[in-house]
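What follows is a short report on a single structure.
Lettering follows sequence order; numbering is per chain, from 1. All figures in this text were calculated on a predicted structure; none of them were measured in a lab.
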Protein chains: 2
Amino acid sequence: MSHPHTYSHADQAARLEQVLALLRDSRLKLTRPRRALLEILVHEHGPFTIEELAVKLHDTPCDPATIYRNMAAFEDLDLVRQCDFGDGMARFELVGQDEDHHHHIICRKCRKLELIDLCFVRELEKLVRDRGYTQVHHSLEFYGICANCQRE
Amino acid sequence: MSHPHTYSHADQAARLEQVLALLRDSRLKLTRPRRALLEILVHEHGPFTIEELAVKLHDTPCDPATIYRNMAAFEDLDLVRQCDFGDGMARFELVGQDEDHHHHIICRKCRKLELIDLCFVRELEKLVRDRGYTQVHHSLEFYGICANCQRE
DNA sequence: CTACCTGCAAAGACTTTGCACGTGT
DNA sequence: ACACGTGCAAAGTCTTTGCAGGTAG
């Protein structure tokens, strides 16, 4: 693979098939907005805010409420994951395989996003500074279901 | 130091002095709510939501708007940093030195928080699973001021 | 046909802002 | 004194929910 975050059309088509298969096994129906959302999530590199998704959906106008509901549904299927970049807006991205693993650099002012591929914390902070950022800090958070909640 | 997140009273007093000195050098005034907030931030281990801070302030009743405004002011002084755990509530913690560095495990259901002291990503995911969590993932985000914004 | 979906509008939750009064230095 | 800070209330965002009509399987 020439670039870590570039996927061939074949890769994307395969991933889309996987995702659609997952839907078929659930009781979710494959509606027009749903399909359009999944195509965006598979073909473009997230995470996306609700508004960004709405814009990308221009061909398939879709109420924000519907996007929220679908993201929640996809999250239940572990198809999508919610991210939070500290600006009070929910962001969603397709859950990927290991090779998808990456982190973000978020500008504290303009909120611009950059992807980075390495996965070592200390070294990465240096790398972020090397890219010209100042006042760098990072936050690494883990999400999971705790033992208590698993029993419920 | 016997435990990485335990500080002696002397340490805390010194840190509080540092922080108050920082305030003096700025044009912020040392008001009652302000002082109470700083004491909480120095003496207890955050991050805290606005509501949590309000509860801890019982002796110094303080409007939420005032807490928000003060956290913003402290952030400008690089005294405090905002965290986001993906539940739509702002959280704030004192900016610490290197030895303060830590990460969190957040239950996706009950939002319970645990602190962890190591700083290697892969190993940590295993560690999180070892603590009984399932469906573990993590998010590592960097914050900084990008080259563009520095020029402004 | 039935369960699931969607759009619209209303309600909710968190946060920000305006303004007049109060306070630290 | 004067600039800065606070409480209160109103306004702003983003998100969630209720409901009636529509649609996939």
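For the residue pair A/Val42 and A/Leu94, the shortest heavy atom distance occurs at CG2-CD2, 3.8 Å. Between A/Glu75 and A/Arg81, the shortest heavy-atom distance links the atoms CG-CA, 4.4 Å. Taking each heavy atom of B/Leu79 and B/Val19 in turn, the nearest pair found is CD2-CG2, 3.5 Å. Taking all atoms of both residues into account, the shortest heavy-atom contact from B/Leu41 to B/Phe92 is CD2-O, 4.2 Å. Residues A/Asp63 and A/Ala65 approach most closely at OD1-N, 2.8 Å, considering heavy atoms.
Contact check of residues 61-69 of chain A against DNA chain D (heavy atom, cut-off under 4.0 Å) returns A/Ala65, A/Tyr68, A/Arg69. Looking at residues 52-60 of chain B, you'll see that no heavy atom sits under 4.0 Å from any atom of DNA chain D.
Position along DNA chain D of the nearest nucleotide to B/Pro33 versus B/Lys29 favours B/Lys29 as the more 5'-ward residue. In terms of position on DNA chain C, the residue among B/Ala90 and B/Thr31 whose nearest nucleotide sits closer to the 5' end is B/Ala90.
Rounded to whole Å, atom P of D/dT15 lies 7 Å from atom CE of A/Met89. Atom pair A/Gln82:CD and D/dC14:P shows a separation of 14 Å (rounding to whole Å applied). Atoms CZ (A/Phe92) and C1' (D/dT15) sit 9 Å apart, rounded to a whole Å. As rounded to whole Å, 13 Å separates atom P of C/dG7 from atom CD1 of A/Ile50. For A/Asp87 and C/dT16, the CG to P distance is 11 Å, given to the nearest whole Å. In this entry the distance linking CG of B/Leu30 with C1' of D/dT6 reads 15 Å, nearest Å. If you measure from atom CG of A/Leu23 to atom C1' of D/dA24, you get 12 Å, rounded to the nearest angstrom. Remark: C1' of C/dC4 and CG of A/Asp76 are 15 Å apart, rounded to the nearest angstrom.
Under a hydrophobic clustering in which Ile, Leu, Val, Met, Phe, Trp and Tyr are joined whenever their side-chain heavy atoms come within less than 4.5 Å, directly or via other members, B/Met89 and A/Met89 fall into different clusters.
Between A/Asp78 and A/Leu22 the shortest side-chain heavy-atom distance does not fall below 4.5 Å.
A salt bridge links A/Asp130 to A/Lys126: at least one charged side-chain nitrogen sits closer than 4.0 Å to a carboxylate oxygen.
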List the atom pairs, with distances to 0.1 Å, where a side-chain N or O of residues 50-62 of chain A and a protein N or O form a donor-acceptor pair under 3.5 Å, not counting sequence neighbours.
{"residue": "A/Glu52", "atom": "OE1", "partner": "A/Thr49", "partner atom": "N", "Å": "2.8"}
{"residue": "A/Lys56", "atom": "NZ", "partner": "A/Glu44", "partner atom": "OE1", "Å": "2.8"}
{"residue": "A/Thr60", "atom": "OG1", "partner": "A/Arg32", "partner atom": "NH1", "Å": "3.2"}

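In this structure, the nucleotide among C/dC14, C/dT6, D/dG25 sitting nearest to the side chain of A/Arg34 is C/dT6.
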